[in-house]
Trainee: 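After the structure tokens below, expect a handful of questions from me.
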Amino acid sequence: MFDGYTNQVQQDPNPAPAQQKVLRFDKGYIKTLPGILKIVQLLCNFIGFICIKVSWAWLSSIFYNILYWVGIIVTGFIFFMYMFHFVEKYDRVPWLKLEFFYCAAMVLTYIVLSIFATTVGENGYAVGFFGLCAIIAYGFDGYLKYKAWKRGLPPQ
């Protein structure tokens, strides 16, 4: 009567297929806090670059040009990676850790160069103001990345 009753194994219905990681454009990223911070960082880099070009301080201009172009290129690249979900597709790369260290390096260089440009440059106050805005944006973004990294959250 109960022959083979214990040998019956409950089988799950068809398991869900693994989620495909597809590259796609996501305009909704612009409305998120990290997206807004990236846009602020890019704007501060670009406006600060214009302000330092107007200034006559050639020594601070050299260092600021390097900082601004590195900031524009790398931040633009990271912004592009998030907008098109490359971060989700290549999830083995430690995105949060890399971005945290990048933000920390940008904050430290902005502190040094903003003080230098404010004290030396002719239009140093404008450069210092946009440097301060960039310090706040990169610092807050780095703080958010650090918290997410320590929690073990996915980058996107």
Side-chain angles (χ1 to χ4, degrees), residues 17-156:
Q19 185 178 6
Q20 291 281 341
K21 297 176 183 175
V22 182
L23 299 178
R24 65 188 185 282
F25 176 72
D26 183 15
K27 68 179 181 180
Y29 179 71
I30 296 172
K31 297 176 185 174
T32 64
L33 183 60
I36 293 170
L37 286 172
K38 296 280 185 292
I39 291 171
V40 169
Q41 292 164 2
L42 287 170
L43 286 175
C44 287
N45 283 327
F46 188 69
I47 295 171
F49 172 72
I50 291 171
C51 289
I52 202 69
K53 281 300 184 185
V54 172
S55 175
W56 289 98
W58 64 273
L59 185 61
S60 64
S61 177
I62 292 170
F63 296 121
Y64 250 86
N65 282 336
I66 294 169
L67 176 66
Y68 283 130
W69 282 112
V70 166
I72 287 171
I73 291 169
V74 174
T75 304
F77 175 74
I78 293 171
F79 185 64
F80 175 81
M81 297 299 265
Y82 279 103
M83 283 285 284
F84 287 94
H85 290 268
F86 277 95
V87 174
E88 281 182 4
K89 185 162 179 81
Y90 302 107
D91 57 350
R92 294 191 186 254
V93 177
W95 292 105
L96 293 174
K97 189 185 300 187
L98 291 173
E99 197 171 352
F100 165 70
F101 286 118
Y102 166 69
C103 287
M106 288 299 286
V107 165
L108 292 176
T109 54
Y110 261 113
I111 289 171
V112 170
L113 290 178
S114 292
I115 291 171
F116 187 67
T118 304
T119 57
V120 173
E122 184 177 300
N123 294 338
Y125 296 116
V127 175
F129 173 74
F130 288 108
L132 177 66
C133 292
I135 289 168
I136 292 168
Y138 278 111
F140 189 60
D141 195 21
Y143 172 72
L144 292 177
K145 299 302 177 197
Y146 179 77
K147 279 183 26 179
W149 169 38
K150 287 301 179 181
R151 285 185 183 167
L153 298 176
Q156 191 166 20

Trainee: Calculate, to the nearest 0.5 Å, the distance between atoms CD1 and SG belonging to I39 and C44 respectively.
Mentor: 12.0 Å
Trainee: Can you check whether I111's main-chain N or O pairs, donor with acceptor, with S114's side chain at less than 3.5 Å?
Mentor: no
Trainee: With heavy-atom distances below 4.5 Å as the criterion, would you say the side chains of L37 and L144 are in contact?
Mentor: yes
Trainee: Taking all non-hydrogen atoms of both residues into account, name the closest pair between T118 and G128 and its distance.
Mentor: OG1-CA, 3.5 Å
Trainee: Would you indicate whether the side-chain heavy atoms of N65 and K53 approach each other to under 4.5 Å?
Mentor: yes
Trainee: So do I30 and M83 actually touch side chain to side chain, heavy atoms under 4.5 Å?
Mentor: yes
Trainee: Looking only at heavy atoms, what is the nearest atom pair of G139 and V107, with distance?
Mentor: N-CG2, 3.5 Å
Trainee: Atom CG in L113, atom CD1 in I62: separation rounded to 0.5 Å?
Mentor: 11.5 Å
Trainee: Please check if the distance between the ring centroids of F80 and F86 is under 6.0 Å.
Mentor: yes
Trainee: State, yes or no, whether a side-chain contact exists between I135 and F130 at a heavy-atom distance under 4.5 Å.
Mentor: no
Trainee: Can you tell me how far NZ of K145 sits from CG of L153, rounded to the nearest 0.5 angstrom?
Mentor: 10.5 Å
Trainee: Just verifying a value: how many Å separate L33 CG and K38 NZ, rounded to the nearest 0.5 Å?
Mentor: 9.5 Å
Trainee: Which atom pair, heavy atoms only, marks the closest approach of C103 to D141?
Mentor: SG-OD2, 3.9 Å
Trainee: So which atom in V127 and which in G48 form the shortest heavy-atom distance, rounded to 0.1 Å?
Mentor: CG2-O, 4.5 Å
Trainee: So M106 and V74, side chain to side chain contact (heavy atoms under 4.5 Å, CB included) or not? Walk me through it.
Mentor: CA-CA 11 Å; M106 288 299 286; V74 174; over 6 Å; no
Trainee: Listed by chain and number, what are the salt bridge (charged side-chain N to carboxylate O under 4.0 Å, His left out) partners of D26, not counting sequence neighbours?
Mentor: none
Trainee: For the side chain of N45 and the backbone of Q41, is there at least one donor-acceptor N/O pair under 3.5 Å apart?
Mentor: yes
Trainee: Just say parallel, tilted or perpendicular for the rings of Y29 and F79, cut-offs at 30° and 60°.
Mentor: tilted
Trainee: So F25 and F84, would you call those rings parallel, tilted or perpendicular, with 30° and 60° as cut-offs?
Mentor: tilted
Trainee: Hey, does Y110 have a side-chain heavy atom less than 4.5 Å from the side chain of Y138?
Mentor: yes
Trainee: Using the benzene-type ring in the case of Trp, are the ring centres of W95 and Y82 under 6.0 Å apart?
Mentor: no
Trainee: Between atom CZ of F140 and atom CD1 of I36, what is the distance when rounded to the nearest 0.5 Å?
Mentor: 10.5 Å
Trainee: How many angstroms lie between OG1 in T75 and CG in L42, if you round to the nearest 0.5 Å?
Mentor: 5.5 Å
Trainee: Angle class for the W149/F100 ring planes (parallel below 30°, perpendicular above 60°, tilted otherwise)?
Mentor: tilted
